[in-house]
Amino acid sequence: MTEADFVPDRPEDLPDSGSSKWRAPSNIALVKYWGKKKGQIPTNPSVSFTLDNSATLTELRFKRTDKVTGLPAFEVFLQGQPAPYFAPKIRSFFERILPYQPFIAQYHFEIHTENTFPHSSGIASSASGMAALALCLMDMEKSLFPSMDEDFFYQKASFLARLGSGSAARSIRGKLVHWGKQDSVPGSSDLYGIPYPLKVAPLFGSFQDTILLVDKGEKQVSSTQGHGLMKDHPFAISRFTQARSNIDALQPILQEGDLTSFIALVESEALTLHAMMMTSMPYFMLMKAGTLQIIERIWEYRRSNGEPVCFTLDAGANVHLLYPKASQVSVHTFVERELLPFCQGGEHLRDRVGNGAERC
Ligand code: PMV
């Protein structure tokens, strides 16, 4: 598929009004995306677990308008309240998707959105938010072109979501999603995410993720700035090569359920992501003291207890604790006793691998 395949024909008929609602999950990358080219094309492929409980619910209400200005008019509401601070991000999303959904220019949209995780929990809602909105827009497109098949529907939803926020391309399907062209991954593309097409041991399908909220504040450096700093980064080329080789190394690990190698690869990816931040110019650091304390406790717990738990990190201070379902009882006790003191207000979220977005 190329970009041109996502440009639709001229629809015969446009509805006057309608609505659509989707719930799209957040995701956590195992092999990280950090660095992009024009049009949100990733500089290396990535793989993520789709989450289950952390999600955005978005309802898109649309009405045809006579005042066509080139871009759709819209209003955004978060938890029922006007949320004009989201407008710039959504406007630029509409600008980017316009060549692929030109009909949107004829509409006025009301976007009603809410997150299942607390607002300002330090969990980025851009992946789940953009994915939910893209899916609503695909419902609209499907009503114009009813013969559209399901594969195309989801591919294009991921394609559109990517234009809103790169990692949103991975928030459409479950349980593991691959995004980015890689020869060893059949069907892979830089343009959209695909359900991981290779064999995966069942234990990964029920993996758990406890998200430890170390810092709920705004990040000092946005993902967009961080991706930008990879352009002249001294280690960029080696990092992109390493990510590609980790994507390949993950294949037998996932297939065989090799937890020891899984842990080593996932933790190394997380620390490499943050190492890239610390070695860019200007350099920055998103981990906090609590992040490091938690990592040390996890290592100590694993050494003394043998439980196959590991951590990963997003572009922030929060820690994702990943473990198989079989370890749930002992890991929960460990979290309560040893990790919650490092979380802001003791806050944490219990999540697990999920099946992808759902129409509501
Ligand atoms: O989707 P963005 O532009 O917010 O980038 C997010 C990148 C990381 O979360 C740090 C890594 C990833 O692959 O999700």
Side-chain angles (χ1 to χ4, degrees), residues 24-51 54 56 86 88-90 92-93 96 117 121-134 158-172 176-180 182 188 190-194 196 209 211 215 218-231 233 236 239-240 242-244 246-247 250 265-278 280 284-287 291 311-320 322 351 353:
S26 185
N27 72 76
I28 180 72
L30 304 174
V31 175
K32 309 287 181 183
Y33 148 61
W34 198 239
K36 61 179 168 186
K37 300 180 228 166
K38 201 168 171 276
Q40 315 262 79
I41 297 299
T43 38
N44 65 262
S46 55
V47 174
S48 53
F49 275 145
T50 304
L51 296 181
S54 312
T56 299
F86 286 141
K89 190 138 198 194
I90 293 178
S92 92
F93 173 61
R96 290 178 195 166
F117 42 89
S121 59
I123 300 201
S125 57
S126 56
S128 52
M130 286 300 170
L133 182 55
S158 174
F159 173 91
L160 296 178
R162 180 197 101 240
L163 292 168
S165 171
S167 58
R170 299 189 314 243
S171 269
I172 306 285
L176 275 130
V177 175
H178 176 99
W179 169 43
Q182 173 96 341
S188 61
D190 282 345
L191 300 179
Y192 47 83
I194 55 167
Y196 191 72
D209 179 4
I211 310 168
D215 185 51
E218 281 276 307
K219 288 186 283 189
Q220 320 99 301
V221 181
S222 70
S223 293
T224 306
Q225 290 167 297
H227 286 292
L229 291 171
M230 286 306 283
K231 280 208 181 81
H233 197 292
R239 162 59 195 154
F240 302 146
Q242 178 204 37
R244 285 185 182 282
N246 278 344
I247 293 273
L250 198 56
L265 190 148
V266 167
E267 291 192 344
S268 159
E269 273 290 318
L271 294 179
T272 303
L273 168 70
H274 284 257
M276 290 300 111
M277 300 173 190
M278 289 190 257
S280 57
F284 62 106
M285 200 189 291
L286 298 180
M287 289 191 284
T291 314
F311 70 85
T312 189
L313 306 165
D314 250 341
N318 298 332
V319 180
H320 288 247
L322 302 178
D351 213 330
V353 170

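Basis for what follows: all heavy atoms, side chains included, without hydrogens, waters or symmetry-related copies. In each ligand, atom 1 is the first atom listed, and ligand 1 is the first ligand listed.
Cation-pi geometry between R96 and F93 is not met: the NZ or CZ atom fails to fall both under 6.0 Å from the ring centre and inside 45° of the normal.
Every N/O-N/O distance between S46 and ligand 1 stays at or above 3.5 Å. Residue S223 has at least one N or O atom closer than 3.5 Å to an N or O atom of ligand 1. Every N/O-N/O distance between W34 and ligand 1 stays at or above 3.5 Å.
The closest protein non-hydrogen atom to atom 1 (O) of ligand 1 is S167 OG, 2.6 Å. Looking only at protein heavy atoms, the nearest one to atom 9 (O) of ligand 1 is D314 OD1, 3.2 Å. R170 NH2, 2.7 Å is the protein heavy atom nearest to atom 14 (O) of ligand 1. In this structure, the protein non-hydrogen atom closest to atom 11 (C) of ligand 1 is Y33 O, 3.4 Å. For atom 5 (O) of ligand 1, the closest non-hydrogen atom on the protein side is H227 NE2, 3.0 Å.
Of all atoms in ligand 1, numbered sequentially from 1 with element shown, those under 4.0 Å from a heavy atom of A29 are 12 (C), 13 (O), 14 (O).
Heavy-atom neighbours of M278 CE from other residues, nucleotides or ligands within 6.0 Å: above the threshold of 12.
Remark: the backbone N or O of K32 is paired with a side-chain donor or acceptor of N44 at under 3.5 angstrom.
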